[in-house]
S.K.: 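Before I ask anything, let me first share the structure, which is written out below as structure tokens.
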Amino acid sequence: MDLYLIHWPRPMRDDYLTIWRAFAEIAESGRARAVGVSNFQPAQLERLLAETPLVPAVNQIELHPKFPQAELRGIHARHGIATEAWSPLGQGRGLLDDPVLARVGAKHGKSPAQVVLRWHLQLGNIVIPKSVTPSRIRENFDVLGFELDADDLAAVAGMDNGTRLGPDPDEFDIS
Ligand SMILES: NC(=O)c1ccc[n+]([C@@H]2O[C@H](COP(=O)([O-])OP(=O)(O)OC[C@H]3O[C@@H](n4cnc5c(N)ncnc54)[C@H](OP(=O)(O)O)[C@@H]3O)[C@@H](O)[C@H]2O)c1
């Protein structure tokens, strides 16, 4: 397989280092081309980096303009870990109705979703928007022909309200 991720750190079980060492064996054997993690918080990532030699290729995390994850993106940048955004459009809920996105989109002739996807790309994120609607899937690909300027980026940065849509990885257990 191309990329194999630990889905959640489940810190209350204290077993993610053991699992990561097994992932390292899987990578070494060639069964996965790359291995990484998902939903790892700064403390879990720092511990993994301090106590095991293999650096994750990617950390897939909840990330959108209302929850831009600056601290984790900084850690990723320092260690060469790719940032992959899940729910990058805020699950298509209230985020895309924000007037800031409408205003920036009108300036460039683009939709709010295209502004958000372009913002991700300019931050250096890998972005995986989900849509079952063919016209939206086409729209979501069409984000390479324009650029957000410093004012646009500052406006989108102002949308940060520190709120998650999904579970807190420090508390979430999955069986
Ligand atoms: N690692 C993890 O723990 C984790 C957790 C959650 C999600 N994920 C992954 O993240 C990916 C995407 O996340 P997500 O599905 O939660 O949220 P998302 O991609 O942020 O949003 C999907 C929603 O946005 C709508 N949408 C898509 N494009 C649009 C557009 N151009 N204009 C308006 N609305 C649009 C979709 O509607 P329609 O489909 O009706 O078009 C859908 O309701 C999925 O592949 C998922 O597997 C990973």
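Each ligand, and each atom within it, is numbered from 1 in the order the structure gives. In this text the structure is predicted, and so the values were computed from the model without any measurement.
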S.K.: Return yes or no for this condition: an N or O of Pro88 is under 3.5 Å from an N or O of ligand 1.
M.R.: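 Yes - when backbone and side-chain N and O of Pro88 are compared with those of ligand 1, one distance drops under 3.5 Å.
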S.K.: If you count the non-hydrogen atoms of other residues, nucleotides and ligands that lie under 6.0 Å from CZ in Phe141, is the total more than 12?
M.R.: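 Result for CZ/Phe141: open.
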S.K.: Dump the intermediate steps for side chain to side chain donor-acceptor pair (under 3.5 Å) on His7 and Asn39, then the final yes or no.
M.R.: CA-CA 7 Å; His7 196 172; Asn39 297 305; 4.6 Å; no
S.K.: Going by the closest heavy atom to atom 42 (C) of ligand 1, which one wins out of Gln60, Lys130, Gln114, Glu84?
M.R.: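 Minimum heavy-atom distance to atom 42 (C) of ligand 1 goes to Lys130.
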S.K.: Taking 4.0 Å as the limit for heavy-atom contacts, which would you say applies to Leu5 with ligand 1: side chain only, backbone only, both, or neither?
M.R.: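 Leu5 to ligand 1: no contact under 4.0 Å from either part.
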S.K.: Looking at ligand 1, does Gly166 have a heavy atom less than 4.0 Å from it?
M.R.: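 Under 4.0 Å: no for Gly166.
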S.K.: Should the heavy atoms of other residues, nucleotides or ligands under 6.0 Å from CZ of Arg21 be counted, would the total exceed 12?
M.R.: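 Count over threshold, so yes.
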S.K.: Using a distance threshold of 4.0 Å (strictly less than), state whether atom 47 (O) of ligand 1 has a protein heavy-atom neighbour.
M.R.: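 Looking at atom 47 (O) of ligand 1, one finds that no protein heavy atom lies closer than 4.0 Å.
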S.K.: Under 3.5 Å between some N or O of ligand 1 and some N or O of Val132?
M.R.: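 The answer is yes, given that Val132 and ligand 1 share an N or O pair closer than 3.5 Å.
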S.K.: Tell me which one of Pro134, Pro112, Ala113, Ser87 gets a heavy atom nearest to atom 16 (O) of ligand 1.
M.R.: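 Looking at heavy atoms only, the winner is Ser87.
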S.K.: Identify, by atom number and element, the atoms of ligand 1 in contact range of Gly92, meaning under 4.0 Å from any of its heavy atoms.
M.R.: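 Selected atoms, number and element: 21 (O), 23 (C), 24 (O).
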S.K.: Are any of the protein's heavy atoms under 4.0 angstrom from atom 36 (C) of ligand 1, yes or no?
M.R.: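 Under 4.0 Å from atom 36 (C) of ligand 1, at least one protein heavy atom found.
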S.K.: Using distance alone, decide if ligand 1 has a nitrogen or oxygen within less than 3.5 Å of any nitrogen or oxygen in Leu89.
M.R.: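 Yes, at least one N or O pair falls under 3.5 Å.
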S.K.: Counting only heavy atoms from other residues, nucleotides and ligands, does the tally under 6.0 Å from CD of Gln122 exceed 12?
M.R.: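 Result for CD/Gln122: enclosed.
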S.K.: Of the side chain and backbone of His7, name the one, both, or neither that has a heavy atom under 4.0 Å from an atom of ligand 1.
M.R.: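 Near ligand 1, His7 shows its side chain, while the N, CA, C and O stay back.
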S.K.: Give a yes or no on whether the backbone of Trp86 and the side-chain of Glu62 come within a donor-acceptor separation of less than 3.5 Å.
M.R.: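 Answer holds: no.
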